[in-house]
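A quick note: this is a predicted structure, and the numbers were derived from the prediction, not measured.
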Amino acid sequence: MDLLYRSTRDSSVQVTASQAILKGLSADGGLFVPNEVPALDVSLDELAKMSYQETAYAVMSRFLTDFTEEELKGCIEKAYDEKFDTPEIAPLVKADGAYFLELFHGATIAFKDMALSILPHLMTVSARKNQVKNEIVILTATSGDTGKAALAGFADVPGTRIVVFYPKNGVSPIQEKQMVTQKGSNVKVIGIHGNFDDAQSGVKTLFGDGELEKEMASAGFQFSSANSINIGRLVPQIVYYVYAYAKLYANGEIEKDEKINIVVPTGNFGNILAAYYAKQMGLPVAKLICASNENKVLFDFFQTGSYNRNREFILTSSPSMDILISSNLERLIYQIADCDDKADAALMKALSEKGEYEITSVMREKLRDFYGNFATEQETAAAIRDLYEKTGYVIDPHTAVAACVCRKYKADTADAAKTLIASTASPYKFTHSVMEAIGAACEGKDDFALADELSKLSSTEIPKAVEEIRTAPVLHDTVVEVPQMKEAVKKFLGM
(Lines give C-alpha, C1' and ligand atoms only; values in the text may rest on other atoms or scores of the structure.)
Protein backbone atom coordinates (compact mmCIF):
# COMPACT_ATOMS: atom_id res chain seq x y z
CA MET A 1 0.00 0.00 0.00
CA ASP A 2 1.32 3.43 -0.94
CA LEU A 3 1.63 5.92 1.92
CA LEU A 4 -0.24 9.07 0.90
CA TYR A 5 0.30 12.64 2.03
CA ARG A 6 -2.38 15.20 2.85
CA SER A 7 -2.45 18.95 3.36
CA THR A 8 -2.54 20.25 6.93
CA ARG A 9 -5.18 22.77 5.84
CA ASP A 10 -7.41 20.48 3.74
CA SER A 11 -7.29 16.77 4.51
CA SER A 12 -9.18 15.96 1.30
CA VAL A 13 -6.04 16.88 -0.67
CA GLN A 14 -4.22 13.52 -0.97
CA VAL A 15 -1.03 13.04 -3.00
CA THR A 16 1.74 10.47 -3.37
CA ALA A 17 5.20 11.07 -1.91
CA SER A 18 6.64 12.01 -5.31
CA GLN A 19 3.78 14.49 -5.93
CA ALA A 20 4.31 16.04 -2.47
CA ILE A 21 8.04 16.42 -3.22
CA LEU A 22 7.30 18.09 -6.56
CA LYS A 23 4.70 20.49 -5.19
CA GLY A 24 6.61 21.42 -2.01
CA LEU A 25 3.59 23.26 -0.64
CA SER A 26 -0.11 22.46 -1.06
CA ALA A 27 -2.14 24.91 -3.16
CA ASP A 28 -4.12 25.87 -0.02
CA GLY A 29 -0.91 26.96 1.73
CA GLY A 30 -0.82 23.82 3.87
CA LEU A 31 2.15 21.49 4.39
CA PHE A 32 2.09 17.86 3.33
CA VAL A 33 2.07 15.30 6.14
CA PRO A 34 1.96 11.49 5.88
CA ASN A 35 -1.46 9.93 6.55
CA GLU A 36 0.36 7.94 9.21
CA VAL A 37 3.94 7.79 10.46
CA PRO A 38 5.22 4.35 9.42
CA ALA A 39 6.74 1.99 11.98
CA LEU A 40 10.48 1.37 11.84
CA ASP A 41 10.13 -2.39 11.36
CA VAL A 42 13.85 -3.15 11.36
CA SER A 43 15.49 -4.57 14.48
CA LEU A 44 18.04 -2.51 16.38
CA ASP A 45 20.61 -5.29 15.92
CA GLU A 46 20.17 -5.01 12.14
CA LEU A 47 20.35 -1.20 12.23
CA ALA A 48 23.52 -1.34 14.33
CA LYS A 49 25.34 -3.08 11.46
CA MET A 50 24.15 -0.69 8.75
CA SER A 51 26.10 2.02 6.94
CA TYR A 52 24.59 5.48 6.67
CA GLN A 53 23.38 4.70 3.15
CA GLU A 54 21.71 1.44 4.27
CA THR A 55 20.03 3.24 7.20
CA ALA A 56 18.79 5.91 4.78
CA TYR A 57 17.11 3.24 2.67
CA ALA A 58 15.60 1.50 5.72
CA VAL A 59 14.00 4.77 6.89
CA MET A 60 13.16 6.53 3.63
CA SER A 61 11.63 3.51 1.91
CA ARG A 62 8.94 3.49 4.62
CA PHE A 63 7.95 7.07 3.73
CA LEU A 64 8.55 7.26 -0.03
CA THR A 65 6.52 4.21 -1.01
CA ASP A 66 5.94 5.15 -4.66
CA PHE A 67 9.71 5.07 -5.33
CA THR A 68 11.06 1.71 -6.51
CA GLU A 69 13.98 0.17 -4.61
CA GLU A 70 16.25 0.93 -7.57
CA GLU A 71 15.11 4.58 -7.77
CA LEU A 72 15.53 5.27 -4.06
CA LYS A 73 18.86 3.46 -3.72
CA GLY A 74 20.10 5.38 -6.79
CA CYS A 75 19.18 8.71 -5.13
CA ILE A 76 20.90 7.65 -1.88
CA GLU A 77 24.11 6.55 -3.64
CA LYS A 78 24.37 9.82 -5.56
CA ALA A 79 23.72 11.90 -2.43
CA TYR A 80 25.91 10.31 0.25
CA ASP A 81 29.21 9.90 -1.57
CA GLU A 82 32.62 11.59 -1.53
CA LYS A 83 30.93 15.01 -1.20
CA PHE A 84 31.08 14.18 2.52
CA ASP A 85 34.54 14.35 4.06
CA THR A 86 34.01 11.31 6.31
CA PRO A 87 32.78 7.80 5.41
CA GLU A 88 30.41 7.77 8.43
CA ILE A 89 28.60 10.79 6.88
CA ALA A 90 27.40 11.85 10.37
CA PRO A 91 30.02 10.98 13.02
CA LEU A 92 29.44 11.09 16.78
CA VAL A 93 31.80 12.87 19.18
CA LYS A 94 31.57 12.40 22.95
CA ALA A 95 32.43 15.56 24.87
CA ASP A 96 31.56 16.77 28.36
CA GLY A 97 29.08 13.97 28.98
CA ALA A 98 27.01 14.42 25.80
CA TYR A 99 27.14 12.96 22.30
CA PHE A 100 27.52 15.53 19.53
CA LEU A 101 26.08 14.32 16.22
CA GLU A 102 28.20 16.16 13.64
CA LEU A 103 25.90 16.97 10.74
CA PHE A 104 28.32 19.30 8.96
CA HIS A 105 30.61 17.04 6.94
CA GLY A 106 28.93 17.75 3.59
CA ALA A 107 29.78 20.16 0.78
CA THR A 108 28.60 23.31 2.56
CA ILE A 109 29.54 22.39 6.18
CA ALA A 110 26.04 22.63 7.65
CA PHE A 111 23.31 20.11 8.50
CA LYS A 112 21.23 21.21 5.50
CA ASP A 113 23.60 19.13 3.32
CA MET A 114 22.17 15.99 4.92
CA ALA A 115 18.85 16.51 3.13
CA LEU A 116 19.76 18.85 0.29
CA SER A 117 22.31 16.42 -1.14
CA ILE A 118 19.47 14.01 -1.90
CA LEU A 119 16.54 16.35 -2.63
CA PRO A 120 17.60 17.21 -6.24
CA HIS A 121 17.75 13.49 -7.04
CA LEU A 122 14.39 12.79 -5.36
CA MET A 123 12.93 15.68 -7.32
CA THR A 124 14.21 14.65 -10.75
CA VAL A 125 12.95 11.07 -10.17
CA SER A 126 9.59 12.51 -8.98
CA ALA A 127 9.34 14.65 -12.14
CA ARG A 128 9.98 11.60 -14.31
CA LYS A 129 7.43 9.51 -12.38
CA ASN A 130 4.75 12.16 -12.85
CA GLN A 131 5.52 12.92 -16.52
CA VAL A 132 6.41 16.53 -15.71
CA LYS A 133 7.59 18.32 -18.84
CA ASN A 134 8.03 21.77 -17.25
CA GLU A 135 11.35 22.98 -15.95
CA ILE A 136 11.21 22.92 -12.12
CA VAL A 137 12.10 26.24 -10.50
CA ILE A 138 13.26 25.80 -6.91
CA LEU A 139 12.31 28.86 -4.92
CA THR A 140 13.91 29.14 -1.50
CA ALA A 141 14.35 31.61 1.34
CA THR A 142 17.36 31.10 3.58
CA SER A 143 18.50 32.26 6.99
CA GLY A 144 22.03 31.28 5.98
CA ASP A 145 22.55 27.55 5.46
CA THR A 146 19.67 26.20 3.37
CA GLY A 147 20.58 28.60 0.55
CA LYS A 148 24.10 27.39 -0.07
CA ALA A 149 23.22 23.72 0.46
CA ALA A 150 20.32 24.00 -2.00
CA LEU A 151 22.47 25.89 -4.52
CA ALA A 152 25.20 23.25 -4.30
CA GLY A 153 22.64 20.45 -4.62
CA PHE A 154 20.79 21.86 -7.64
CA ALA A 155 23.65 23.56 -9.52
CA ASP A 156 23.57 22.34 -13.13
CA VAL A 157 20.98 19.61 -12.40
CA PRO A 158 19.16 19.20 -15.76
CA GLY A 159 15.52 20.28 -15.83
CA THR A 160 15.84 22.54 -12.78
CA ARG A 161 16.60 26.15 -11.91
CA ILE A 162 17.05 27.58 -8.44
CA VAL A 163 16.47 31.05 -6.97
CA VAL A 164 17.62 31.73 -3.41
CA PHE A 165 16.58 34.82 -1.41
CA TYR A 166 18.56 35.78 1.71
CA PRO A 167 18.49 38.73 4.16
CA LYS A 168 21.30 40.99 2.93
CA ASN A 169 22.64 41.86 6.40
CA GLY A 170 21.35 38.83 8.27
CA VAL A 171 23.90 36.08 7.55
CA SER A 172 27.55 35.53 8.49
CA PRO A 173 30.29 36.74 6.08
CA ILE A 174 31.24 33.12 5.28
CA GLN A 175 27.60 32.17 4.67
CA GLU A 176 27.16 35.11 2.28
CA LYS A 177 30.44 34.44 0.46
CA GLN A 178 29.43 30.79 0.02
CA MET A 179 26.21 31.83 -1.70
CA VAL A 180 27.34 34.76 -3.84
CA THR A 181 30.26 32.79 -5.32
CA GLN A 182 28.04 29.84 -6.38
CA LYS A 183 28.70 28.64 -9.92
CA GLY A 184 26.06 27.10 -12.17
CA SER A 185 24.14 28.27 -15.24
CA ASN A 186 20.79 27.53 -13.54
CA VAL A 187 21.34 29.35 -10.21
CA LYS A 188 20.44 32.83 -8.97
CA VAL A 189 21.14 34.37 -5.54
CA ILE A 190 19.25 37.51 -4.52
CA GLY A 191 19.67 39.56 -1.35
CA ILE A 192 16.62 41.32 0.11
CA HIS A 193 16.36 44.39 2.35
CA GLY A 194 14.67 42.74 5.33
CA ASN A 195 15.03 39.72 7.58
CA PHE A 196 14.55 35.98 7.00
CA ASP A 197 10.84 36.11 7.85
CA ASP A 198 10.38 38.76 5.14
CA ALA A 199 12.18 36.51 2.65
CA GLN A 200 10.18 33.43 3.70
CA SER A 201 6.83 35.28 3.57
CA GLY A 202 7.77 36.68 0.14
CA VAL A 203 8.51 33.19 -1.16
CA LYS A 204 5.22 31.83 0.25
CA THR A 205 3.38 34.71 -1.47
CA LEU A 206 4.96 33.74 -4.80
CA PHE A 207 3.93 30.11 -4.26
CA GLY A 208 0.33 31.23 -3.67
CA ASP A 209 0.21 33.60 -6.68
CA GLY A 210 -2.24 31.91 -9.09
CA GLU A 211 -1.63 34.48 -11.83
CA LEU A 212 2.12 33.91 -11.69
CA GLU A 213 1.57 30.13 -11.73
CA LYS A 214 -0.36 30.44 -15.02
CA GLU A 215 2.27 32.73 -16.54
CA MET A 216 5.01 30.31 -15.57
CA ALA A 217 3.14 27.26 -16.88
CA SER A 218 2.70 28.92 -20.28
CA ALA A 219 6.46 29.65 -20.28
CA GLY A 220 7.25 26.01 -19.38
CA PHE A 221 8.06 26.43 -15.65
CA GLN A 222 6.63 25.32 -12.30
CA PHE A 223 7.70 26.15 -8.74
CA SER A 224 8.87 23.76 -6.07
CA SER A 225 10.61 24.33 -2.74
CA ALA A 226 13.87 23.23 -1.15
CA ASN A 227 12.92 24.65 2.27
CA SER A 228 12.04 22.24 5.04
CA ILE A 229 8.37 22.81 4.19
CA ASN A 230 9.10 20.21 1.46
CA ILE A 231 8.54 16.67 2.75
CA GLY A 232 11.51 15.62 0.58
CA ARG A 233 13.68 17.71 2.91
CA LEU A 234 12.17 16.39 6.11
CA VAL A 235 12.24 12.63 5.48
CA PRO A 236 16.04 12.47 4.92
CA GLN A 237 16.52 14.30 8.23
CA ILE A 238 14.82 11.48 10.15
CA VAL A 239 17.61 9.18 8.98
CA TYR A 240 20.44 10.68 11.01
CA TYR A 241 18.61 10.33 14.32
CA VAL A 242 17.98 6.63 13.64
CA TYR A 243 21.61 6.20 12.50
CA ALA A 244 22.98 7.97 15.59
CA TYR A 245 20.89 5.86 17.98
CA ALA A 246 21.97 2.64 16.25
CA LYS A 247 25.63 3.70 16.39
CA LEU A 248 25.41 4.56 20.11
CA TYR A 249 24.05 1.05 20.64
CA ALA A 250 26.64 -0.57 18.35
CA ASN A 251 29.45 1.26 20.19
CA GLY A 252 28.20 0.07 23.60
CA GLU A 253 27.31 3.61 24.72
CA ILE A 254 23.66 2.69 25.39
CA GLU A 255 21.76 -0.47 26.24
CA LYS A 256 19.25 -1.97 23.84
CA ASP A 257 16.04 0.15 23.78
CA GLU A 258 17.50 2.60 26.32
CA LYS A 259 15.72 5.94 25.97
CA ILE A 260 17.84 8.96 25.12
CA ASN A 261 17.12 12.70 25.00
CA ILE A 262 17.73 14.67 21.82
CA VAL A 263 18.63 18.37 21.85
CA VAL A 264 18.13 20.34 18.64
CA PRO A 265 18.95 24.01 18.01
CA THR A 266 16.09 25.13 15.78
CA GLY A 267 14.39 28.15 14.28
CA ASN A 268 12.11 26.77 11.57
CA PHE A 269 11.31 23.61 13.61
CA GLY A 270 12.13 21.16 10.79
CA ASN A 271 15.17 19.52 12.36
CA ILE A 272 13.46 18.79 15.68
CA LEU A 273 10.28 17.69 13.88
CA ALA A 274 12.41 15.05 12.12
CA ALA A 275 13.51 13.78 15.56
CA TYR A 276 9.82 13.73 16.63
CA TYR A 277 8.96 11.62 13.57
CA ALA A 278 11.86 9.26 14.43
CA LYS A 279 10.34 8.86 17.90
CA GLN A 280 6.93 8.19 16.38
CA MET A 281 8.47 5.53 14.15
CA GLY A 282 9.52 3.76 17.35
CA LEU A 283 13.00 5.13 18.09
CA PRO A 284 13.51 5.04 21.91
CA VAL A 285 13.52 8.78 22.58
CA ALA A 286 12.42 10.33 25.89
CA LYS A 287 12.54 14.12 25.65
CA LEU A 288 12.87 16.30 22.55
CA ILE A 289 14.66 19.43 23.76
CA CYS A 290 14.00 22.48 21.62
CA ALA A 291 16.84 25.01 21.88
CA SER A 292 16.23 28.64 20.82
CA ASN A 293 18.44 31.70 20.68
CA GLU A 294 17.23 35.16 21.74
CA ASN A 295 14.50 34.95 19.07
CA LYS A 296 12.75 32.69 21.55
CA VAL A 297 9.31 32.42 19.97
CA LEU A 298 9.37 28.61 20.27
CA PHE A 299 10.44 28.69 23.94
CA ASP A 300 7.55 31.04 24.71
CA PHE A 301 5.18 28.75 22.80
CA PHE A 302 6.17 25.68 24.83
CA GLN A 303 5.90 27.71 28.04
CA THR A 304 2.50 29.28 27.37
CA GLY A 305 0.73 27.56 24.47
CA SER A 306 0.67 30.92 22.71
CA TYR A 307 2.65 31.50 19.50
CA ASN A 308 3.38 35.20 18.99
CA ARG A 309 5.67 36.59 16.32
CA ASN A 310 4.83 40.21 17.24
CA ARG A 311 8.20 41.03 18.79
CA GLU A 312 11.58 42.50 18.01
CA PHE A 313 13.63 40.51 15.50
CA ILE A 314 17.14 40.08 16.96
CA LEU A 315 20.25 39.48 14.86
CA THR A 316 22.38 36.94 16.75
CA SER A 317 25.60 34.96 16.34
CA SER A 318 23.42 31.94 15.37
CA PRO A 319 21.73 33.48 12.30
CA SER A 320 20.21 30.27 10.94
CA MET A 321 17.89 30.38 13.96
CA ASP A 322 16.97 34.07 13.61
CA ILE A 323 13.39 33.21 12.72
CA LEU A 324 10.05 34.30 14.18
CA ILE A 325 7.74 32.24 11.95
CA SER A 326 8.59 28.56 12.44
CA SER A 327 6.96 27.09 9.35
CA ASN A 328 7.38 23.44 10.27
CA LEU A 329 5.60 23.86 13.58
CA GLU A 330 2.38 23.69 11.54
CA ARG A 331 2.91 19.96 11.02
CA LEU A 332 3.05 19.43 14.78
CA ILE A 333 0.04 21.72 15.36
CA TYR A 334 -1.98 19.66 12.87
CA GLN A 335 -1.05 16.46 14.68
CA ILE A 336 -1.85 17.69 18.20
CA ALA A 337 -5.17 19.07 16.86
CA ASP A 338 -6.07 15.42 16.09
CA CYS A 339 -5.46 16.08 12.37
CA ASP A 340 -8.29 18.63 12.28
CA ASP A 341 -7.52 20.56 9.09
CA LYS A 342 -10.07 23.29 9.84
CA ALA A 343 -8.58 23.96 13.28
CA ASP A 344 -5.08 24.10 11.79
CA ALA A 345 -6.19 26.43 8.97
CA ALA A 346 -7.87 28.77 11.49
CA LEU A 347 -4.71 28.97 13.64
CA MET A 348 -2.50 29.64 10.61
CA LYS A 349 -4.93 32.32 9.41
CA ALA A 350 -4.66 33.98 12.83
CA LEU A 351 -0.85 33.84 12.58
CA SER A 352 -0.94 35.38 9.12
CA GLU A 353 -3.43 38.13 10.00
CA LYS A 354 -2.66 38.94 13.64
CA GLY A 355 0.79 37.42 14.09
CA GLU A 356 -0.32 35.12 16.90
CA TYR A 357 -2.47 32.16 17.89
CA GLU A 358 -3.18 30.14 21.01
CA ILE A 359 -3.64 26.38 21.19
CA THR A 360 -6.17 24.66 23.48
CA SER A 361 -5.28 23.06 26.81
CA VAL A 362 -6.01 19.63 25.27
CA MET A 363 -3.44 20.34 22.53
CA ARG A 364 -0.91 21.55 25.10
CA GLU A 365 -1.20 18.21 26.92
CA LYS A 366 0.12 16.54 23.76
CA LEU A 367 3.35 18.56 23.86
CA ARG A 368 4.74 16.60 26.81
CA ASP A 369 7.41 15.04 24.57
CA PHE A 370 8.96 18.50 24.25
CA TYR A 371 10.97 20.79 26.52
CA GLY A 372 11.89 24.28 25.34
CA ASN A 373 14.51 26.73 26.55
CA PHE A 374 16.81 29.40 25.11
CA ALA A 375 20.33 30.78 25.33
CA THR A 376 21.30 34.44 25.39
CA GLU A 377 24.23 35.69 23.31
CA GLN A 378 26.42 35.74 26.43
CA GLU A 379 25.40 32.18 27.35
CA THR A 380 26.08 31.00 23.79
CA ALA A 381 29.61 32.42 23.84
CA ALA A 382 30.19 30.95 27.32
CA ALA A 383 29.09 27.49 26.10
CA ILE A 384 31.68 27.60 23.27
CA ARG A 385 34.42 28.77 25.64
CA ASP A 386 33.59 26.33 28.46
CA LEU A 387 33.50 23.28 26.19
CA TYR A 388 36.78 24.29 24.53
CA GLU A 389 38.52 24.90 27.86
CA LYS A 390 37.27 21.61 29.33
CA THR A 391 37.80 19.34 26.32
CA GLY A 392 39.54 21.14 23.44
CA TYR A 393 36.43 20.49 21.30
CA VAL A 394 35.19 23.52 19.34
CA ILE A 395 31.52 24.00 18.42
CA ASP A 396 29.69 26.66 16.40
CA PRO A 397 27.17 29.11 17.94
CA HIS A 398 24.08 27.09 16.90
CA THR A 399 25.44 23.94 18.55
CA ALA A 400 26.43 26.09 21.54
CA VAL A 401 22.80 27.20 21.93
CA ALA A 402 21.88 23.50 22.12
CA ALA A 403 24.70 22.71 24.60
CA CYS A 404 23.59 25.58 26.84
CA VAL A 405 19.92 24.54 26.76
CA CYS A 406 20.96 20.94 27.44
CA ARG A 407 22.67 22.13 30.62
CA LYS A 408 19.59 24.14 31.63
CA TYR A 409 17.35 21.11 31.07
CA LYS A 410 19.52 18.93 33.29
CA ALA A 411 19.57 21.60 36.00
CA ASP A 412 15.76 21.97 35.78
CA THR A 413 14.92 18.26 35.84
CA ALA A 414 17.92 16.29 37.20
CA ASP A 415 17.21 13.91 34.28
CA ALA A 416 20.26 11.65 33.87
CA ALA A 417 19.27 10.16 30.49
CA LYS A 418 22.03 10.08 27.88
CA THR A 419 21.83 13.00 25.51
CA LEU A 420 22.37 13.42 21.79
CA ILE A 421 23.04 17.00 20.64
CA ALA A 422 22.49 17.87 16.98
CA SER A 423 25.65 19.73 15.97
CA THR A 424 24.30 21.64 13.01
CA ALA A 425 27.21 23.63 11.56
CA SER A 426 30.98 23.69 11.43
CA PRO A 427 32.68 26.28 13.66
CA TYR A 428 34.52 27.35 10.48
CA LYS A 429 31.27 28.84 9.18
CA PHE A 430 31.20 31.33 12.08
CA THR A 431 34.89 31.90 12.76
CA HIS A 432 34.51 35.42 14.15
CA SER A 433 31.89 34.50 16.75
CA VAL A 434 33.73 31.29 17.69
CA MET A 435 37.18 32.85 18.05
CA GLU A 436 35.78 35.79 20.00
CA ALA A 437 34.02 33.40 22.37
CA ILE A 438 37.24 31.46 22.93
CA GLY A 439 39.00 34.72 23.75
CA ALA A 440 41.20 35.16 20.66
CA ALA A 441 42.06 38.64 19.38
CA CYS A 442 39.79 39.20 16.38
CA GLU A 443 40.06 42.92 15.66
CA GLY A 444 41.13 43.74 12.11
CA LYS A 445 41.15 40.08 11.02
CA ASP A 446 38.82 38.73 8.35
CA ASP A 447 37.03 35.41 8.64
CA PHE A 448 39.65 33.59 6.57
CA ALA A 449 42.55 34.74 8.76
CA LEU A 450 40.52 33.60 11.76
CA ALA A 451 39.89 30.23 10.07
CA ASP A 452 43.68 29.76 9.89
CA GLU A 453 43.96 30.50 13.62
CA LEU A 454 41.02 28.23 14.47
CA SER A 455 42.69 25.39 12.57
CA LYS A 456 45.87 25.70 14.67
CA LEU A 457 44.01 26.12 17.93
CA SER A 458 41.64 23.15 17.42
CA SER A 459 44.08 20.89 15.52
CA THR A 460 41.50 20.42 12.76
CA GLU A 461 41.78 20.96 9.02
CA ILE A 462 40.10 23.93 7.37
CA PRO A 463 37.16 22.46 5.42
CA LYS A 464 37.33 22.49 1.63
CA ALA A 465 34.12 24.58 1.59
CA VAL A 466 35.99 27.47 3.26
CA GLU A 467 39.22 27.13 1.24
CA GLU A 468 37.26 27.14 -2.03
CA ILE A 469 35.62 30.53 -1.40
CA ARG A 470 38.69 32.28 0.01
CA THR A 471 39.54 33.80 -3.39
CA ALA A 472 36.42 32.94 -5.40
CA PRO A 473 34.89 35.81 -7.40
CA VAL A 474 31.44 37.20 -6.49
CA LEU A 475 28.98 36.04 -9.19
CA HIS A 476 25.70 37.27 -7.65
CA ASP A 477 25.21 40.85 -6.48
CA THR A 478 21.47 41.49 -6.95
CA VAL A 479 19.70 43.06 -3.95
CA VAL A 480 15.98 43.94 -4.05
CA GLU A 481 13.14 45.19 -1.86
CA VAL A 482 10.60 42.52 -0.79
CA PRO A 483 7.87 43.72 -3.23
CA GLN A 484 10.38 43.33 -6.11
CA MET A 485 10.94 39.59 -5.50
CA LYS A 486 8.38 38.53 -8.13
CA GLU A 487 9.93 40.69 -10.86
CA ALA A 488 13.41 39.44 -9.93
CA VAL A 489 12.29 35.82 -10.42
CA LYS A 490 10.58 36.60 -13.73
CA LYS A 491 13.69 38.42 -14.99
CA PHE A 492 15.92 35.44 -14.12
CA LEU A 493 13.53 33.10 -15.98
CA GLY A 494 13.46 35.44 -19.00
CA MET A 495 9.71 36.01 -18.65
Side-chain angles (χ1 to χ4, degrees), residues 24 83 106-110 112-113 115-117 119-120 123 135-157 159-207 216 221 223-230 233 268 315 319-320 322-323 425 429-430 447-448 464-466 468-495:
K83 285 192 292 296
T108 76
I109 56 175
K112 307 290 170 81
D113 288 323
L116 284 163
S117 296
L119 183 61
M123 206 164 266
E135 206 167 329
I136 294 163
V137 180
I138 304 299
L139 197 59
T140 289
T142 185
S143 54
D145 288 335
T146 287
K148 174 58 183 180
L151 290 161
F154 281 94
D156 295 321
V157 170
T160 69
R161 297 206 199 181
I162 177 164
V163 185
V164 168
F165 289 99
Y166 75 98
K168 175 64 186 147
N169 297 308
V171 299
S172 83
I174 296 269
Q175 284 177 314
E176 182 171 44
K177 190 88 191 276
Q178 280 188 304
M179 287 190 280
V180 299
T181 57
Q182 177 65 49
K183 294 176 188 157
S185 57
N186 65 333
V187 306
K188 182 71 177 170
V189 180
I190 302 171
I192 62 143
H193 293 302
N195 59 40
F196 169 72
D197 288 328
D198 297 323
Q200 182 166 254
S201 298
V203 163
K204 282 186 171 175
T205 301
L206 294 182
F207 267 106
M216 287 184 59
F221 298 113
F223 279 141
S224 190
S225 170
N227 279 84
S228 54
I229 53 175
N230 192 318
R233 262 283 300 276
N268 220 6
L315 290 173
S320 299
D322 290 346
I323 293 172
K429 209 157 190 173
F430 304 94
D447 283 68
F448 297 102
K464 201 167 81 176
V466 174
E468 278 173 352
I469 60 167
R470 202 185 274 260
T471 55
V474 169
L475 303 174
H476 306 272
D477 57 5
T478 307
V479 182
V480 301
E481 302 297 333
V482 173
Q484 298 169 322
M485 288 169 67
K486 180 173 171 175
E487 282 313 308
V489 170
K490 286 171 73 172
K491 186 176 174 187
F492 170 60
L493 299 177
M495 286 167 56

What distance separates L139 CG from R161 CZ, expressed to the nearest 0.5 Å? 13.5 Å
Provide the full list of salt bridge (charged side-chain N to carboxylate O under 4.0 Å, His left out) pairs with a residue in residues 166-182, sequence neighbours left out, each pair given once. K168-E176
Who passes side-chain hydrogen bond (donor to acceptor under 3.5 Å, both in side chains) against K491, sequence neighbours left out? none
Minimum heavy-atom separation for V157 and P120, please, with both atom names. CG2-CB, 4.2 Å
Residues in side-chain hydrogen bond (donor to acceptor under 3.5 Å, both in side chains) with K464, at least two apart? none
So which atom in A149 and which in L116 form the shortest heavy-atom distance, rounded to 0.1 Å? CB-CD1, 3.5 Å
Would you say N268 and Q200 are linked by a side-chain donor-acceptor pair, where the criterion is simply a distance under 3.5 Å? yes
Evaluate the criterion side chain to side chain contact (heavy atoms under 4.5 Å, CB included) for residue pair V171 and F196; output intermediate values, then yes/no. CA-CA 9 Å; V171 299; F196 169 72; over 6 Å; no
D156: partners by side-chain hydrogen bond (donor to acceptor under 3.5 Å, both in side chains), with sequence neighbours left out: S185
Side chain to side chain, I109 and Q178, heavy atoms closer than 4.5 Å: yes
Going by the rule side chain to side chain contact (heavy atoms under 4.5 Å, CB included), which residues pair with A115 if we only count those two or more places apart in sequence or in a different chain? R233, P236, Q237
Full working for side chain to side chain contact (heavy atoms under 4.5 Å, CB included) between M123 and T160: CA-CA 9 Å; M123 206 164 266; T160 69; 5.7 Å; no
Kindly give the heavy-atom pair with the smallest separation between A226 and T146, and that separation in Å. O-CG2, 4.1 Å
Do the side chains of Q175 and Y166 get nearer than 4.5 Å, heavy atoms only? no
Derivation and outcome, side chain to side chain contact (heavy atoms under 4.5 Å, CB included), residues F492 and V137: CA-CA 11 Å; F492 170 60; V137 180; 5.7 Å; no
Going by side chain to side chain contact (heavy atoms under 4.5 Å, CB included), name the residues that satisfy it together with A199, two or more places apart in sequence or in a different chain. A141, F165, I192
Can you sort out the partners of N195 under side chain to side chain contact (heavy atoms under 4.5 Å, CB included), two or more places apart, ordered by chain and number? D197, D198, F313
Side-chain donor-acceptor distances from residues 473-484 under 3.5 Å, at least two apart:
| residue | atom | partner | partner atom | Å |
| --- | --- | --- | --- | --- |
| H476 | ND1 | V189 | N | 3.4 |
| H476 | NE2 | Q182 | O | 3.0 |
| T478 | OG1 | K188 | NZ | 3.1 |
| Q484 | OE1 | E481 | N | 2.7 |

Sequence-distant partners of D145, salt bridge (Lys or Arg N to Asp or Glu O under 4.0 Å), two or more places apart: K429
Counterpart residues, ring pair (Phe, Tyr, Trp, His ring centres under 6.0 Å), relative to F448 (two or more places apart): none
Side chains of S143 and P319 in contact at under 4.5 Å (non-hydrogen atoms): no
List for me each residue that meets side chain to side chain contact (heavy atoms under 4.5 Å, CB included) alongside A107, sequence neighbours excluded, and say none if there are none. none
Just do the side chain to side chain contact (heavy atoms under 4.5 Å, CB included) check on V203 and T140 with the steps written out, would you? CA-CA 7 Å; V203 163; T140 289; over 6 Å; no
Going from CG on L151 to CD1 on I138, what distance comes out if it is rounded to the nearest 0.5 angstrom? 11.0 Å
Taking every heavy atom of L119 against every heavy atom of S225, the minimum-distance pair comes out as CD2-O, 4.0 Å
Please list, chain by chain and in numerical order, all residues satisfying side-chain hydrogen bond (donor to acceptor under 3.5 Å, both in side chains) with T108, sequence neighbours excluded. D113
Working to the nearest 0.5 Å, report the span between CD1 of I174 and CG of D447. 4.5 Å
